[in-house]
Structures are given as structure tokens and as C-alpha cells.
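Everything quoted here is computed from the prediction, not taken from an experiment. Residue indices begin at 1 and follow the sequence shown. Note that ligands are numbered from 1 as they come in the structure, with each ligand's atoms numbered from 1 the same way.
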Amino acid sequence: MRSLISVQDLSKEDVLHIVSISKEAREGKVRRIGGNVALLFFEPSTRTRVSFERACRELGIETSTVTVSESSVVKGETFFDTLKTFEALGFDGVVFRVPFVFFPYEETVRSLEVSLVNAGDGTHQHPTQGLTDLLTLMDRFGDVKGLKVLYVGDIAHSRVFRSGAPLLVMFGAEVSVCGPKPLIPDDLSVFGVKKVFDNVDEGIEWADVVVWLRIQKERQDRKLIPSESGYLKQFGLTKERYSRLKGFFMHPGPVNREVDMEGDLVYSEKSLIYEQARNGLFVRIGVLTWCLCDG
Ligand code: CP
């Protein structure tokens, strides 16, 4: 039994193992591992929640989905006591999405006899999204070594960036960032970032792949961008910028139309957005198999 809270805990071998199970799942080879998993979604989600639900069905795992408004958290129960309850009930795993940062977590993980899988915790980590994005780029480029990947937007609040960038760097990609100054953290070296672009057009010229991120208004306690239309003009994917992209672009979703990107560019030829969504299912099958099953 393993847990997955942060990509920083994964070795290269672990990642390759999960990617390999995910690819097998895509070819229809899925082990029916069975068991019981609780899906705690204490924050809104479409892609992650539905793909974990589907992944569990494919794996023969029974699920209990709990949202925050229907849980005893509203009566004052702590997150740890909620996890202890699922352990006591004999669940094999708990997949959780929460609005707060689950850190430090090592002692909690060690103390529970239930596998924990992070489906997004505050601004901290979203490991299955990072693995999905890595798989999507490996599909397109084979080897991501030397690939230049630019993340654009709300880097400060992005668990997608904090999960994706270290994985890409682990496999030899070069990662850079660009966004409004208040949304760029001071020390990015811990994520392997070497370059910060002030100007998105210079970043686009440098990059082989651009990952646009959503401006996370729900996590901002003060207005950090001047206006949504101003943001699109200065940092977003406009039709004019699209014409200058060298390669593909990604976005983890959900997309804020006319803020992160213009019009119907989500469906355009250079968009990998729906490949990311599709791979999300296979990666969640891979992660659950890796966490709950030996080998
Ligand atoms: N990318 C992502 O986590 O999407 P959801 O919030 O819809 O799950």
C-alpha cells in the first residue's frame, strides 16, 4: 500500500512505473484490483472527480463519494478525524481534494493504515494532473529531454505548476514561467525553473510548448490582476499569439474563456486540452493501481 501526496516523493522509476500502467490501461489492459475507496471532494471538480470515479469502476473498486456540504466536516470534524473514520471503516484508500495545503503530511500518512491519494490540495500539489501532463507530452514528443516548456499565468497559486514542473525537470525538460509580477513567487529554483519571462511574447518565441494556467480568483485575497480583458491582452492566448506558437499548448482546465484564452482556441489544432482530459483517466487508473496493488 502506497500514498501519493506530492510528486516530490516520486523517484524516476516510480513515475515510469505509473506511466507504464497508465499506457497499458489506455490499451485496455486494466487489472481488476477490487477494494473500497472513498472520494472526498471538498472543493469543486469536474475532470478529476469524474475520472477518479471512472478509474475506480474500471478497476472494480467500490466508491463512496463525499462532498463537504454532506460531510461531518460541517459539524466540526477535522480532516484527520475524517481520514481516521475511513480507516476504521476498512477502506483501502481515500482520494481527497481539499481547499487547504496538506503539509506537513508525512506523520499523518505513516500513522494511517489507508492509502491517501491527493487529488489537489490548495496551492500545494495536484500529482495526477502533473503526471497527466507529463504523459501527454511524452505521447507527443517521445522524450521530453531538452523540451522547452513555458507556464503562463497564476504561478503563485498553481498546484498544477508545482506538480508538473518538477516532473518535467526530472525528465530533462527546461521549464520557464511568465505572468503578472504579483503572481510569480520569489524562489522558483526549488521547482527547477531557470528563466522568468516578463513578456509573454518573448516566452512564446523561446518555448516548444506553452501551458496556460487559470487565474485562480478563489485563492486570491486581493485583486492581483488589473482587469480580465487587460490580462488576456497582456498574458493570455489570443488568436494573434496562437499564430506564433511553435508547437502545442496545454491548459489543465477549467478554462476561463476570454481571460486565459480567446474564443474557441480550446478546440484548435495546437490544443492538447482534450488529450490531457482523456489521459487523466488512464493516469488515475495507473496511480490507483500503483498505490493499492503490489508491483
Ligand atoms: N484540472 C482539474 O483539476 O480540473 P477539475 O478542477 O475540473 O478537476
Would R97 and F41 count as a cation-pi pair here, with the cationic atom under 6.0 angstrom from the ring centre and within 45° of the axis?
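Here R97 fails the 6.0 Å and 45° test against F41.
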Within ligand 1, which atoms have a heavy atom of T48 less than 4.0 Å away?
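Those qualifying, in numeric order: 2 (C), 3 (O), 4 (O), 5 (P), 8 (O).
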Write out the residue and atom name of the closest protein heavy atom to atom 4 (O) of ligand 1, then the distance separating them to 0.1 Å.
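Minimum-distance protein heavy atom for atom 4 (O) of ligand 1 reads R47 NE, 3.0 Å.
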Minimum-distance protein heavy atom relative to atom 7 (O) of ligand 1
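Protein heavy atom with the smallest distance to atom 7 (O) of ligand 1: T46 N, 2.9 Å.
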Could you tell me if D9 and Y105 have a donor-acceptor pair between their side chains, going purely by distance under 3.5 Å?
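Yes, because at least one side-chain N or O of Y105 sits under 3.5 Å from a partner of the opposite role on D9.
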Pairing donors with acceptors under 3.5 angstrom, does anything connect the side chains of D133 and Q129?
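Distance-only check passes for D133 and Q129.
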Tell me whether ligand 1 is touched by [X] - counting only heavy atoms on the residue side and a distance under 4.0 Å.
X: G253; answer: yes
X: H126; answer: yes
X: R97; answer: yes

Sub-3.5 Å N/O-N/O distance, P254 and ligand 1:
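So ligand 1 has no N or O lying under 3.5 Å from an N or O of P254.
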For ligand 1 and R49, I'd like to know whether there is a polar contact (N/O to N/O, distance under 3.5 Å).
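So ligand 1 has no N or O lying under 3.5 Å from an N or O of R49.
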Can you tell which of L40, L288, N118 makes a side chain to side chain contact (heavy atoms under 4.5 Å, CB included) with V95?
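Going through the options one by one, the only one that passes is L288.
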I'd like to know if the side chain of R241 and the backbone of G236 have a donor-acceptor N/O pair within less than 3.5 Å.
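Here the side-chain-to-backbone pair exists.
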Evaluate the salt bridge (charged side-chain N to carboxylate O under 4.0 Å, His left out) criterion for residues D139 and R278: first the C-alpha distance (whole Å), next the side-chain angles of each, then the deciding distance (0.1 Å), finally the verdict.
CA-CA 12 Å; D139 284 344; R278 182 167 176 270; over 6 Å; no
